Number of protein chains: 2
Amino acid sequence: MTVATRRTQDQRSAETRRLLLSATVKMLMEVGYANTSTAGIAKRAGVSRGAQTHHYPSKMALIVAATEEMFGNFASRLEVLAADLNNGDLDYDKFFEAVWEEVLHGDWFYSSLEIIVAARGDTELREQLSPLIIDLHQRFERIWTETFVALNPDVITSKVALNLALNVFRGMAVQAVLRRDEAYFREMLMALKTMLASHVQPAKSAQ
Amino acid sequence: MTVATRRTQDQRSAETRRLLLSATVKMLMEVGYANTSTAGIAKRAGVSRGAQTHHYPSKMALIVAATEEMFGNFASRLEVLAADLNNGDLDYDKFFEAVWEEVLHGDWFYSSLEIIVAARGDTELREQLSPLIIDLHQRFERIWTETFVALNPDVITSKVALNLALNVFRGMAVQAVLRRDEAYFREMLMALKTMLASHVQPAKSAQ
DNA sequence: ACTTACAAACAGACTGATTGGTTTTTTTGA
DNA sequence: TCAAAAAAACCAATCAGTCTGTTTGTAAGT
């Protein structure tokens, strides 16, 4: 239009796709799946609807691609936190607080919740997302088992403790939609840390 | 149409409303909020769209009324389970298994999840539902504190233990959407019971 | 170097279906 | 006789997907 910044086709494509996926995640996060239309995404991304359908012919293709990227981003973020715990930049308490912060205020949790709930009523979407979630979960388990060791593996393994913690976070985040009460969630998080502490400890401190 | 069973206006109204609310909850449960239309609800209820808009002029009025009833039903169901635990018809293990069964296969959890997620992107709906959820939660706390006592209230109170358990259930149910793995959830439930057992016990056995 | 041919990228109008809500008409009970 | 209840037609808005036309980059041929 104004200055013709010359780019290769690949560069143009990649940029457009990036804008679309980012806009998709942000819209899911901010207004929910029900209020996320393909036209809205295109507008938010600053891309024409034609460009959008060119790269992602259906809404599902767009959602699935956005989910893939979002899961990847979150796992990476978690890897960083785990590394921080391992090398001493974070202690046990701060680690969980950072994860909770990430869940509550990061891009990922609520957009994934929207997608999961949408998938409940859409067989095809569910089938497309299922492998992505399983992948993500395996990445979680790998990160976690490299970071925490169980005190009594016969009673509660490290893996189960991870899943318990994850599910508490999930549940809390859902509850937070209709109940904004920071003190309540702080108390809950403290209780979770206390209960977990008697079953797992950071691998680093076990050396 | 066929046989004119003579009923009072109140009876006709009450029956129509009952059919509509029941159909609403069932549709939310089975196909999700996104696929729940007012026309679909009316059809499923076997009621004309005119009758539906007569009793519930907007979709929100219908959703809110259905939520109210559903929450009431679930709290009642939980009261029965708690009473069974108190009078010895259920033991500690069986109680939690019954609650989990209720969450996973009952009418209420997934329909409430749909509604909560929908409320996230709809300010008015959120404001209407907020008091209902708080009511329900207070009922939970009352039931729970009459049923369980904390072993070390200074560390973890009975109330916090309840909320932790509730949130684990919530999280597990969300996870169950994309991960159907009964063994996994059994293991998770066992871990939850183990962890809870060291902080609360049934009030009855404490007498 | 410079055109030319072509395909990918992009833009935007259009379409059929569905939605929630309104209005009009008919039926039923008081 | 009248108002509540119920039925059904109707409407504007929105949606995902399709279609047609334009722009931009690429590569072959000269």
Side-chain angles (χ1 to χ4, degrees), chain A residues 1-21 23-24 27-28 31-66 114-115 118 121-122 124-125 128, chain B residues 1-21 23-24 27-28 31-66 114-115 118-119 121-125 128:
Chain A
M1 212 66 76
T2 49
V3 184
T5 331
R6 179 141 183 132
R7 296 175 298 170
T8 67
Q9 300 277 51
D10 276 0
Q11 282 173 327
R12 297 210 305 159
S13 287
E15 171 71 356
T16 303
R17 272 196 259 260
R18 195 187 61 74
L19 287 170
L20 282 170
L21 297 187
T24 304
M27 285 208 71
L28 286 172
V31 300
Y33 190 91
N35 302 318
T36 297
S37 64
T38 53
I41 292 171
K43 188 178 178 185
R44 164 131 201 184
V47 154
S48 78
R49 236 171 95 48
Q52 181 224 122
T53 58
H54 175 71
H55 291 290
Y56 302 99
S58 73
K59 183 178 185 180
M60 229 192 50
L62 191 49
I63 297 286
V64 171
E114 294 284 344
I115 289 168
D122 184 331
E124 202 183 339
L125 187 57
Q128 299 249 6
Chain B
M1 212 61 81
T2 51
V3 184
T5 329
R6 181 146 181 129
R7 296 173 299 169
T8 68
Q9 299 278 49
D10 275 2
Q11 282 173 326
R12 298 210 303 158
S13 287
E15 171 72 355
T16 303
R17 272 196 260 259
R18 195 187 60 74
L19 286 171
L20 282 170
L21 296 188
T24 303
M27 286 208 69
L28 286 172
V31 300
Y33 190 92
N35 302 319
T36 298
S37 65
T38 53
I41 292 170
K43 188 177 179 186
R44 163 132 202 184
V47 156
S48 78
R49 237 171 93 50
Q52 180 225 124
T53 58
H54 176 70
H55 291 289
Y56 302 100
S58 72
K59 183 179 186 180
M60 228 191 52
L62 190 51
I63 296 287
V64 171
E114 294 284 345
I115 288 167
D122 183 331
T123 309
E124 203 183 340
L125 187 58
Q128 300 249 5

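Residue numbers begin at 1 in each chain, while the letters A, B, ... track the order of the sequences. Note that this is a predicted model, so its numbers are computed, not measured. Hydrogens, waters and symmetry mates are skipped; everything else that's a heavy atom, side chains included, is used.
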Original post:
Excluding sequence neighbours, so at least two apart, what forms salt bridge (Lys or Arg N to Asp or Glu O under 4.0 Å) with B:Arg17?
Top reply: none
Subject >> Neighbour count >12 (heavy atoms, 6.0 Å) for atom CD, A:Glu15 >> reply: yes
Original post:
Do you know the tightest heavy-atom contact between A:Gln52 and A:Ala39?
Top reply: NE2-N, 4.4 Å
**OP:** Round to the nearest Å and state the distance from B:Ile41 atom CD1 to C:dT18 atom C1'.
**Re:** 15 Å
Subject >> Nearest-angstrom distance from the residue atom CZ of A:Arg18 to C1' of C:dA9 >> reply: 17 Å
Subject >> Whole-Å distance separating the CG atom of A:Leu20 from the C1' atom of C:dA11 >> reply: 13 Å
Original post:
To the nearest Å, how far apart are A:Asn35 CG and D:dA13 P?
Top reply: 18 Å
Original post:
For B:Val64, does its backbone N or O pair with a side-chain atom of B:Gln128 as donor and acceptor, under 3.5 Å?
Top reply: no
**OP:** Grab the stems for DNA chain D, please: at least three consecutive Watson-Crick or wobble pairs, both distances below 3.5 Å, written as range with range.
**Re:** C:1-30 with D:1-30
Subject >> Distance-minimising heavy-atom pair for B:Ala51 and B:Thr16 >> reply: CB-CG2, 4.3 Å
Original post:
Using a cut-off of less than 4.0 Å, is there contact between a side-chain N or O of A:Thr16 and OP1 or OP2 of C:dC10?
Top reply: yes
Original post:
Minimum heavy-atom separation for A:Leu20 to A:Ile41, with atom names?
Top reply: O-CG2, 3.9 Å
Subject >> Closest non-hydrogen atom pair, B:Thr38 against B:Arg49 >> reply: OG1-NH1, 3.2 Å
**OP:** Measure the distance from NZ on A:Lys43 to P on C:dA13 and round it to the nearest whole Å.
**Re:** 14 Å
Original post:
Roughly how many Å is it from CG in A:Asp10 to P in D:dA27, rounded to a whole number?
Top reply: 10 Å
**OP:** Indicate whether OP1 or OP2 belonging to C:dA9 is found under 4.0 Å from a side-chain N or O atom of A:Ser13.
**Re:** yes
**OP:** Could you tell me which non-hydrogen atom of A:Arg44 sits nearest to which non-hydrogen atom of A:Ala23, and how far apart they are?
**Re:** CG-CB, 3.7 Å
**OP:** Could you identify which residues of residues 48-62 of chain B place a heavy atom less than 4.0 Å from some atom of DNA chain D, listed by residue number, or say none?
**Re:** B:Ser48, B:Gly50, B:Ala51, B:His54, B:His55
Subject >> Nearest heavy-atom neighbours spanning A:Tyr33 and A:Ile63 >> reply: CE1-CD1, 3.9 Å
**OP:** Let me know the distance between CG of A:Leu125 and P of D:dA16, rounded to the nearest Å.
**Re:** 13 Å
**OP:** Specify the separation, in whole Å, of atom CG of B:Leu19 and atom C1' of D:dA5.
**Re:** 14 Å
